[in-house]
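Please read the structure below before turning to the comments.
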Number of protein chains: 2
Amino acid sequence: MARQTPPARRPTLEMVAAEAGVTRSTVSRALNGEPDVSQTTIAHVRVVAARMGYVPNRAAKSLASARSMAIALVIPEPGVLALADPHLVAVMAGVSRRIEQSDYLLNLMVAGDSENQKIMRYLTSGVVDGVLVASQHSRHDALLHLHDLVPVVFSGRPTEETDPPNYFIDVDNAGAAGVAVSHLLGLGRRRIATITGPEDMAAAGDRTAGWRAALASAGLPADLVAVGDWTALGGAAAMRTLLDEHPDIDGVFAANDVMAAAAVSVLLDAGRRVPEDVAVVGFDDSSAALSARVPLTTMSQPSERSGELMADLLLRILAGEQVPISTVVESHLVRRESA
Amino acid sequence: MARQTPPARRPTLEMVAAEAGVTRSTVSRALNGEPDVSQTTIAHVRVVAARMGYVPNRAAKSLASARSMAIALVIPEPGVLALADPHLVAVMAGVSRRIEQSDYLLNLMVAGDSENQKIMRYLTSGVVDGVLVASQHSRHDALLHLHDLVPVVFSGRPTEETDPPNYFIDVDNAGAAGVAVSHLLGLGRRRIATITGPEDMAAAGDRTAGWRAALASAGLPADLVAVGDWTALGGAAAMRTLLDEHPDIDGVFAANDVMAAAAVSVLLDAGRRVPEDVAVVGFDDSSAALSARVPLTTMSQPSERSGELMADLLLRILAGEQVPISTVVESHLVRRESA
DNA sequence: TTGTAGGCGTTATCAC
DNA sequence: GTGATAACGCCTACAA
């Protein structure tokens with residue numbers, strides 16, 4: 001019913017060396033594939049190490065070499081439930097795929113603000129060689145200044161400008177929002193609302209700005225704004241508010257697909273037809289766009305590719321290359337049924 | 001447009017000691033809150049350390065103390081996309097919440113088999129003090145024998161018995177499946193199919209066994225089985241096959257909600273009414289049960305609580321406590337509209 | 001091609 | 001209460 005965890009003393013380099021009849025240096029070199037080691041020695045050492053079940057102690061290795069060969073992917077969201085966002089998951093998939101191909105090991109962490117301290121210390125304690133931050137859904141705070149202790153790449157423009165600046169990759173949020181709204185205008189819509197994210201977040205602010213600009217250049221007032229929180233619940237609440245206060249709405253641009261899908265649901269339940277009565281455009285072209293009750297027209301964003309790109313960037317930085325501070329990925333309108 | 005990553009040499013204990021006018025030992029003790037250090041010294045050292053931005057080097061710390069204060073949560077799934085499973089995410093949330101409250105740091109890793117080697121080495125290299133394995137959706141392979149190098153707790157009975165055995169927490173899969181099928185029988189259904197997971201996985205096999213047993217004791221043949229892969233796609237395909245080959249089906253027990261929801265969708269599209277023509281019962285009571293086109297009747301499983309429990313168990317093992325090998329959590333039928 | 005020796009930044013065991 | 005002084009397990013010049 002219960003058992004002791006065995007002491008399980010793992011073999012050290014020293015022990016392998018003794019067993020193989022050589023010195024630690026030789027074993028180290030053989031196992032790390034360094035040049036100038038005889039093939040015979042390599043083979044022999046490998047066999048002995050394998051037989052003994054030797055696994056190098058990573059802490060010792062990091063300490064001695066000043067590198068950990070690990071990269072952290074930080075999700076600065078309150079909880080693991082943030083993983084409900086398909087865009088985020090896609091970015092993670094891209095990062096993961098790219099890092100897998102490298103010699104580095106990926107190490108995910110969800111940073112609820114409560115324990116930010118713990119994570120910040122971890123990230124700066126030398127056990128990861130670089131950090132990837134994925135999310136435009138929350139403030140970055142301390143993460144913004146992490147980069148003078150360890151290389152960092154953001155997905156989504158950081159919430160604040162810093163000196164020196166942070167590396168990041170992002171879409172042209174304002175531009176994309178403009179395209180979305182223009183599409184709605186092209187459909188003859190004149191009362192176009194937006195469901196956005198918290199204003200102090202870059203992606204939210206920029207998308208709202210794009211919406212506003214497009215309306216302005218069409219000579220229309222930009223008065224229909226509801227702030228959501230990127231979740232289905234928040235999106236639904238925002239849509240209900242908008243509908244209550246402005247029953248004449250005929251178009252909606254939501255800052256992400258999850259909120260757009262929720263908005264569609266609210267509209268249908270309120271007896272509005274989508275897109276006949278109200279046309280809806282989302283953002284991300286994530287899986288949420290397809291599973292919505294009316295398949296969403298949306299601004300596509302290469303989420304998975306973005307993940308690969310940010311991983312790539314970090315890898316290059318770690319390799320000592322010079323890389324651009326910002327990388328912009330393409331976005332384009334994907335037409336489906338909702339608009 | 002580009003910039004150099006600064007050398008950024010971090011202060012060491014040594015440097016803090018010099019600055020504070022004491023020795024490394026004292027600084028170490030003061031910072032780690034050890035007894036027998038004068039309050040004045042503690043205060044002084046803390047101030048100096050903070051001013052210098054000192055962050056202990058975790059590699060050195062682990063090496064010297066033989067403990068890393070980190071725990072890994074391994075998701076042994078082919079890709080990050082496994083995160084689409086709401087049950088898994090709930091387990092993760094539970095684990096995360098529990099570990100956050102401890103002194104340990106949680107460290108997620110997705111283990112596609114391709115890089116199993118990399119992760120296995122990581123897990124046994126001394127940089128994590130314990131391992132949590134979350135998923136009954138794939139074979140465990142090497143993970144099964146990890147426990148003679150580092151403490152491990154599984155969520156879901158491991159696919160194979162080992163000696164010594166692995167710690168795990170799980171629901172009574174066969175029993176729960178029996179309850180589900182009995183419910184269908186109680187509704188007068190007689191042609192009850194099951195959509196299961198790959199047979200070599202514990203949760204799948206046990207649930208199918210429970211389904212089979214319940215039918216047997218009702219004197220009915222257990223001939224309607226379709227194997228899915230826990231995903232919506234797999235569930236839909238399985239349902240289509242069942243429907244083609246056995247148009248007389250009037251009940252379905254799916255091994256998880258995601259497949260059940262997909263099955264409902266296929267049934268509706270085929271013109272069957274749910275639950276009037278075909279009653280469907282799922283498993284997990286995850287968010288997928290609520291978002292299905294017909295809200296699902298399902299066998300609830302305390303996913304988040306399971307996560308907390310497994311974290312708890314590991315923490316206790318690390319604290320040197322004796323704990324039971326297996327922990328069974330409760331499951332019960334949740335009635336909604338689908339059956 | 002291989003061995004020698006010092007050091008990476010902490011903790012921990014002694015004395016003082 | 002604080003200071004020396006070994007480890008901890010590995011890497012890496014440098015020497016041979």
Side-chain angles (χ1 to χ4, degrees), chain A residues 7-46 48-49 52-70 103 121-122 124-127 129 149, chain B residues 7-46 48-49 52-70 103 121-122 124-127 129 149:
Chain A
R9 183 155 186 72
R10 280 185 280 285
T12 67
L13 242 198
E14 176 84 57
M15 300 167 65
V16 176
E19 188 76 11
V22 292
T23 58
R24 292 173 304 177
S25 358
T26 302
V27 175
S28 174
R29 288 189 279 248
L31 259 26
N32 293 317
E34 273 170 43
D36 298 331
V37 186
S38 84
Q39 287 307 319
T40 359
T41 310
I42 292 187
H44 180 217
V45 169
R46 292 243 161 104
V48 173
M52 298 178 72
Y54 170 71
V55 176
N57 178 314
R58 210 153 164 135
K61 201 163 186 159
S62 305
L63 186 56
S65 66
R67 294 176 328 138
S68 67
M69 296 311 281
D103 286 335
R121 296 200 138 229
Y122 185 81
T124 55
S125 71
V127 287
D129 294 336
L149 289 172
Chain B
R9 183 151 186 76
R10 281 186 279 285
T12 68
L13 241 199
E14 176 85 58
M15 301 168 66
V16 175
E19 188 75 11
V22 291
T23 58
R24 289 174 303 175
S25 334
T26 302
V27 175
S28 175
R29 287 189 281 247
L31 259 27
N32 292 317
E34 274 171 42
D36 297 331
V37 187
S38 84
Q39 287 305 321
T40 359
T41 311
I42 292 188
H44 180 217
V45 168
R46 292 243 162 103
V48 173
M52 297 177 73
Y54 170 72
V55 176
N57 179 314
R58 207 151 166 138
K61 201 162 187 160
S62 304
L63 186 56
S65 65
R67 294 175 329 139
S68 67
M69 295 312 281
D103 286 335
R121 296 199 138 230
Y122 184 81
T124 55
S125 71
V127 287
D129 294 335
L149 289 173

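Residue numbers start from 1 in every chain, and the chains themselves are labelled A, B, ... in the order their sequence lines are given, proteins ahead of strands.
Distances shorter than 4.0 Å separate none of the side-chain N or O atoms of B:Thr12 from OP1 or OP2 on C:dG9. Distances shown here put a side-chain N or O of B:Thr26 below 4.0 Å from the OP1 or OP2 atom of D:dG3.
Regarding B:Leu63, its CG atom lies at a distance of 18 Å from the P atom of D:dA6, rounded to whole Å. Rounded to a whole Å, the CG atom of B:Asn57 is 14 Å from the C1' atom of D:dG9. Spacing between atom CD of B:Glu14 and atom P of C:dT11 amounts to 13 Å, rounded to whole angstrom units.
Within residues 38-46 of chain B, no residue has a heavy atom under 4.0 Å from DNA chain C.
Side chains of B:Val27 and B:Val22 form a contact here, defined as non-hydrogen atoms less than 4.5 Å apart. By the 4.5 Å heavy-atom criterion applied to side chains, A:Thr12 and A:Asn57 are not counted as neighbours. You'll find the side chain of A:Thr40 stays beyond 4.5 Å of the side chain of A:His44, heavy atoms only. Between B:Arg121 and A:Pro56 there is a side-chain heavy-atom pair separated by less than 4.5 Å.
Annotation for A:Arg58 and A:Met69: closest pair NH2-O, 3.0 Å, computed over non-hydrogen atoms. Closest non-hydrogen pair, A:Ser68 versus A:Val127, comes out as OG-O, 3.0 Å.
Summarising the geometry, atom CZ belonging to B:Arg46 is positioned 12.5 Å from atom OH belonging to B:Tyr54; distances are rounded to the nearest 0.5 Å. The NZ atom of A:Lys61 sits 8.5 Å away from the CG atom of A:Leu13 when rounded to the nearest 0.5 Å.
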Between the protein and nucleotides 11-13 of chain D, are there any N/O to N/O pairs under 3.5 Å, and if so, what are the atom names and distances?
| residue | atom | partner | partner atom | Å |
| --- | --- | --- | --- | --- |
| D:dC11 | OP1 | A:Asn32 | ND2 | 3.2 |
| D:dC11 | OP2 | A:Ser28 | OG | 2.6 |

